[in-house]
Visitor: 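What follows is a single structure, and I will ask about it in a moment.
The basis for the numbers below is simple: all heavy atoms, side chains too, and nothing from hydrogens, waters or symmetry mates.
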Amino acid sequence: MRYGTFDDEHREYVITNPKTPVKWINYIGTLEFGGIVDHTGGGIVCKGDPALNRITKYIPQNPASDFKGETLYLRLHNHPGYKVFSPFFVPTLDAYDKYECHVGLSYQRIVSEFYGIRTQVTIFVPLGAHVVVRDIQITNISPVPKMLDVIPVVEYSHFDALKQLTNADWVPQTMTVDAVSDRFGHVIHRQYAFMKKNTAINYFTSNYTVDSWETDRKLFLGDNEYGTWKDPQALHKVRLSNHQARRGDNISALLHCLGTLQPGETRRIVTQLGQAQNIDAALDSIMRFRNPSNVDQAFDALHSFWDGYLATLQAQTPDAAFNSMVNVHNPRQCHTTVNWSRDLSLYQLGFGGRGMGFRDSSQDIMGAMAHMPDVCLALLQKLLSVQKADGSAMHQFYASTMEANEGDSREKPGHRFYGDDHLWVVLAVCAYLKETGTFDLLDQEIPYYEKGVPLDQRPRGTVLDHLERALAFTKAQRGRHGLPLLGFADWNDTVNLPGKAESLFVANQYALALREIIALMEHLGRNDRCAQYQADYEEMREAINIHAWDGDWYVRYFEEDGTPLGSSTNEHGKIYVNSQSWAVLSGVAPEERAHKAMDSVQRLLNTRFGIKLSWPGFHSFDPSKGGITTYPPGAKENGGVFLHTNPWCMIAETMLGRGDQAFQYYQQINPATRNDAIDQYECEPYSYPQNILGNEHPQFGLARNSWLSGTASWTYQAATQYILGVRPTYKGLLIDPCIPRAWKDYTVRRQFRGCQYVVTVHNPKGVCKGVRTVVVDGAALEGNVVPVFQDGATHTVEVTLEA
Ligand code: NOJ
């Protein structure tokens with residue numbers, strides 16, 4: 001079944017049936033202030049940190065029909081009583097004449113028609129503001145006058161999100177809402193936990209006269225809370241109680257009586273849910289967004305931000321679903337992962353214990369650095385500041401406090417590191433330098449992380465020193481085959497082998513990082529450093545090829561005693577995808593092995609829903625293998641389609657020149673292609689999920705954990721840099737497409753180092769790869785690296801392919 005359509009012109013996805021298989025969400029604002037809005041208007045809002053500063057109470061595990069965080073009620077005066085309904089469908093579930101949720105770029109717009117009333121609510125966080133604006137426009141579309149009241153409602157969370165769920169005495173004893181009136185007579189609700197009274201208050205207000213209000217959930221729902229969100233008893237009384245809650249489950253409900261709306265008449269009410277130190281500090285912002293024309297301006301500014309962001313790269317190819325994702329939804333998801341890492345979604349609930357992931361954020365910024373280099377640089381610097389002086393990295397950190405931890409590796413004595421974390425930052429820094437050309441970053445000093453030591457007393461090193469220590473750490477931590485130690489885990493968090501197990505993922509990642517650093521040193525003319533790194537690379541390449549080739553593919557791990565995992569000799573986990581794709585990415589696999597390994601992926605791991613992480617799945621819990629065996633076969637890392645790994649196969653296939661195969665891998669996980677029959681898949685068609693159940697599972701094809709996945713960054717890199725083949729290098733923009741044979745022409749507009757490059761690729765002979773000519777601004781170019789022009793102008797690049 002289909003629940004909506006792509007509206008590429010407006011860069012929206014429009015949901016037209018609210019009963020989607022699971023909630024489909026959108027993000028508003030940023031981690032600094034913002035959160036999630038689902039397609040029925042419920043929302044999680046937080047400031048700076050979803051665990052430590054949460055504003056609304058949204059419990060995703062409750063049924064989809066329940067109130068969650070925020071909603072809006074309307075009530076029609078049906079003398080003698082009222083007809084109460086929500087224009088968001090949830091929680092009143094009335095029959096609608098029309099329902100549309102426009103999932104836009106950092107805004108959600110719900111347009112519905114119930115009982116002759118058309119409601120349009122646009123929900124967004126104005127750029128740089130600490131407030132969620134809900135711009136409510138209500139029109140009487142019936143032929144008769146209607147008397148109407150409007151009641152927006154928020155339910156607050158304790159700022160400590162987990163405490164809210166774990167303590168039902170202390171939390172409610174601390175929660176307070178009072179109502180103040182500003183000098184214009186508008187009501188402002190001020191909500192706070194007692195200990196934050198003087199430091200952080202949440203406020204809720206509108207630009208319209210408030211008749212009465214409620215702050216206590218029990219009173220609002222009525223009947224000792226045997227009243228429901230579907231039909232709150234307070235809404236059947238003429239007025240709300242104006243009770244100021246001194247404890248309990250805090251809400252804000254503001255009753256606005258609009259009076260009579262004539263046929264065709266529209267009213268506009270703007271609500272604001274914000275946070276500030278106190279009301280005085282918020283007043284300017286409150287006054288600003290009380291004025292609808294300022295709301296319009298803020299909305300336009302948001303639009304302009306996204307225009308600029310997306311203008312970084314726009315492609316026109318023969319494939320509409322590819323265009324939708326590459327031009328809008330995929331770069332947008334990259335923006336989301338940079339902001340929220342793996343912290344807050346409807347699957348990663350942001351209750352603490354996690355924060356930003358070191359490896360995750362390092363990869364996330366690689367997908368967005370062309371679009372928002374400054375934001376990515378700031379995050380990169382944070383990441384480097386949680387790297388330790390021995391070169392390894394802390395696994396997670398909280399962006400608001402910069403406190404870092406070792407993740408689950410704390411639990412494995414002698415392995416307080418992940419094999420891969422620190423190496424990601426080498427790749428991220430190199431990618432940043434290729435994009436921006438700001439090589440002086442390498443000389444910038446950044447402290448190393450030392451728990452408990454004040455920042456200014458921590459050891460420091462230049463960024464280059466950080467990278468070199470990362471490489472040195474891996475070089476020093478190797479096992480019996482000379483391959484890097486796994487530590488607690490590598491990219492695959494769930495294979496946790498005891499003792500000094502070795503990882504082929506880390507081996508290839510290390511080899512790739514060495515290649516990157518060699519290219520960087522060569523570019524900077526620091527050839528003295530290249531020889532040693534080249535020798536390290538050769539040594540690793542040899543170790544991998546001597547010990548890890550299994551006949552048809554590369555093994556994935558060696559246990560401490562030398563037993564392989566990911567080998568034809570294993571009963572479970574015979575083959576893992578990452579040791580194949582990464583042997584190609586790193587350049588370690590000789591050509592014949594590279595083809596064989598990727599053919600094995602195609603033969604043994606590929607499904608119509610994507611490539612599985614491994615096969616066959618483990619059938620029972622085995623602590624000696626780790627978390628992977630906590631899942632049934634076909635789920636998540638235990639043989640599921642773990643999407644993050646798929647773009648690595650796309651990239652590997654382009655490196656082998658197999659453009660049809662690369663594109664098939666792209667297309668089969670493109671959520672936009674699922675739009676017309678999505679019930680088996682369930683998640684949003686406009687964002688990549690983290691995982692899809694594999695074909696060893698009875699619910700093969702079911703997606704979960706949408707939005708916050710490294711799939712976003714890597715699929716974007718695969719699509720733009722390797723399939724479309726427009727790839728930043730230190731020297732300029734490399735043009736090296738690898739496309740399906742059927743594509744005859746396509747265009748990419750790419751902003752790079754201050755210029756606009758309009759690249760048109762012609763494929764008259766229907767090949768996958770092979771640049772024959774490149775003509776830049778009418779002149780033939782030698783090679784296929786378009787130089788960096790420093791003139792800020794637009795340059796045309798005509799490319800012709802031929803095998
Ligand atoms: C999700 C984690 O966020 C990511 O860091 C990890 O690489 C994958 N799971 C695979 O285990």
Side-chain angles (χ1 to χ4, degrees), residues 2 5-6 8 13 313-334 367 577 581 598-599 601-603 605-613 640-678 680-695 700-703 706 709-726 737-748 761 763 766-769:
R2 169 190 252 244
T5 48
F6 284 87
D8 285 350
Y13 182 86
L313 189 149
Q314 287 289 296
Q316 279 315 316
T317 78
D319 190 278
F322 181 96
N323 297 344
S324 280
M325 289 310 283
V326 158
N327 292 335
V328 182
H329 302 283
N330 193 351
R332 188 271 147 88
Q333 192 179 349
C334 292
V577 66
S581 53
M598 292 311 294
D599 288 346
V601 167
Q602 210 280 332
R603 189 162 43 87
L605 296 177
N606 193 35
T607 75
R608 70 194 153 90
F609 282 100
I611 302 163
K612 296 185 289 184
L613 181 63
V641 176
F642 210 96
L643 249 66
H644 189 155
T645 65
N646 282 229
W648 293 331
C649 293
M650 298 170 204
I651 296 174
E653 289 294 349
T654 65
M655 292 171 84
L656 301 182
R658 308 198 292 197
D660 286 313
Q661 186 63 78
F663 189 67
Q664 186 205 324
Y665 288 159
Y666 180 90
Q667 207 168 24
Q668 71 191 9
I669 66 159
N670 183 347
T673 64
R674 310 241 173 275
N675 194 43
D676 292 339
I678 205 159
Q680 187 179 359
Y681 178 87
E682 294 200 348
C683 280
E684 296 93 329
Y686 48 86
S687 110
Y688 289 99
Q690 180 211 60
N691 67 83
I692 297 175
L693 290 171
N695 55 8
F700 175 44
L702 180 87
S706 52
S709 162
T711 314
S713 168
W714 280 103
T715 307
Y716 190 68
Q717 293 178 68
T720 57
Q721 300 189 19
Y722 292 89
I723 295 177
L724 299 177
V726 179
C738 187
I739 54 175
R741 280 167 222 277
W743 283 13
K744 293 293 174 226
D745 301 282
Y746 67 91
T747 310
V748 179
V761 177
N763 184 20
V767 299
C768 290
K769 193 177 172 106

Visitor: Please identify each residue that fulfils side-chain contact (heavy atoms from CB on, under 4.5 Å) with Y665, with sequence neighbours left out.
Guide: V601, Q602, N606, I611, C649, M650, E653, Q661, Q668
Visitor: By side-chain hydrogen bond (donor to acceptor under 3.5 Å, both in side chains), which residues pair with S706, not counting sequence neighbours?
Guide: E684
Visitor: Under the salt bridge (Lys or Arg N to Asp or Glu O under 4.0 Å) rule, what pairs show up with a residue in residues 320-330, not counting sequence neighbours?
Guide: none
Visitor: Quick one: side-chain hydrogen bond (donor to acceptor under 3.5 Å, both in side chains) partners of W714, sequence neighbours excluded?
Guide: Q363
Visitor: Would a line drawn from the ring center of W743 to the ring center of F322 be shorter than 6.0 Å?
Guide: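 Yes, the ring centres sit under 6.0 Å apart.
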Visitor: Does T317 have any side-chain hydrogen bond (donor to acceptor under 3.5 Å, both in side chains) partners at least two apart in sequence or in another chain, and if so, which?
Guide: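 With neighbours one apart ignored, the set is N323.
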Visitor: Please report the closest heavy-atom contact between S713 and G367, naming both atoms and the distance.
Guide: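 Minimum heavy-atom contact is OG-N, 3.1 Å.
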Visitor: Is it the case that the side chain of Y746 and the backbone of V761 share a donor-acceptor pair, with hydrogens and angles ignored and the cut-off at 3.5 Å?
Guide: no
Visitor: Does any part of the side chain of Q314, heavy atoms only, come nearer than 4.5 Å to the side chain of V748, both counted from C-beta?
Guide: no
Visitor: With sequence neighbours left out, write down each residue that passes side-chain contact (heavy atoms from CB on, under 4.5 Å) with N675, or none if nothing qualifies.
Guide: R2, F6, Y13, P685
Visitor: With sequence neighbours left out, what residues match D660 under salt bridge (charged side-chain N to carboxylate O under 4.0 Å, His left out)?
Guide: R741
Visitor: Would you please name every residue forming a side-chain contact (heavy atoms from CB on, under 4.5 Å) with Q721, sequence neighbours left out?
Guide: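 For Q721 the side-chain contact (heavy atoms from CB on, under 4.5 Å) partners, ignoring immediate neighbours, are Q717, R727, P728.
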Visitor: Using modelled atom types and a 3.5 Å cut-off, is there a donor and acceptor pairing between side-chain atoms of Q680 and backbone atoms of F700?
Guide: yes
Visitor: Would the distance check show the side chain of T673 and the main-chain N or O of N670 forming a donor-acceptor pair, the cut-off being under 3.5 Å?
Guide: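 Looks like yes, one N/O pair under 3.5 Å.
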Visitor: Run the ring pair (Phe, Tyr, Trp, His ring centres under 6.0 Å) test against F642 and tell me which residues pass, sequence neighbours left out.
Guide: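 Counting only residues at least two positions away or on another chain, F642 forms a ring pair (Phe, Tyr, Trp, His ring centres under 6.0 Å) with W491.
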Visitor: Could you list the residues that satisfy side-chain contact (heavy atoms from CB on, under 4.5 Å) with P671, not counting sequence neighbours?
Guide: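 Scan of P671 (side-chain contact (heavy atoms from CB on, under 4.5 Å), adjacent residues dropped) gives M325, Y681, Y688.
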Visitor: Using the test salt bridge (charged side-chain N to carboxylate O under 4.0 Å, His left out), find all partners of D745 that sit at least two apart in sequence or belong to another chain.
Guide: none
Visitor: Tell me if a side-chain donor or acceptor on T654 pairs with a main-chain N or O of I651 at a distance below 3.5 Å.
Guide: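 Yes, the answer is positive, given that a donor and an acceptor are paired below the 3.5 Å cut-off.
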Visitor: With a 4.5 Å cut-off on side-chain heavy atoms, are N330 and T715 touching?
Guide: yes
Visitor: If the condition is salt bridge (charged side-chain N to carboxylate O under 4.0 Å, His left out), which residues does R674 pass it with, not counting sequence neighbours?
Guide: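 R674 satisfies salt bridge (charged side-chain N to carboxylate O under 4.0 Å, His left out) with no other residue.
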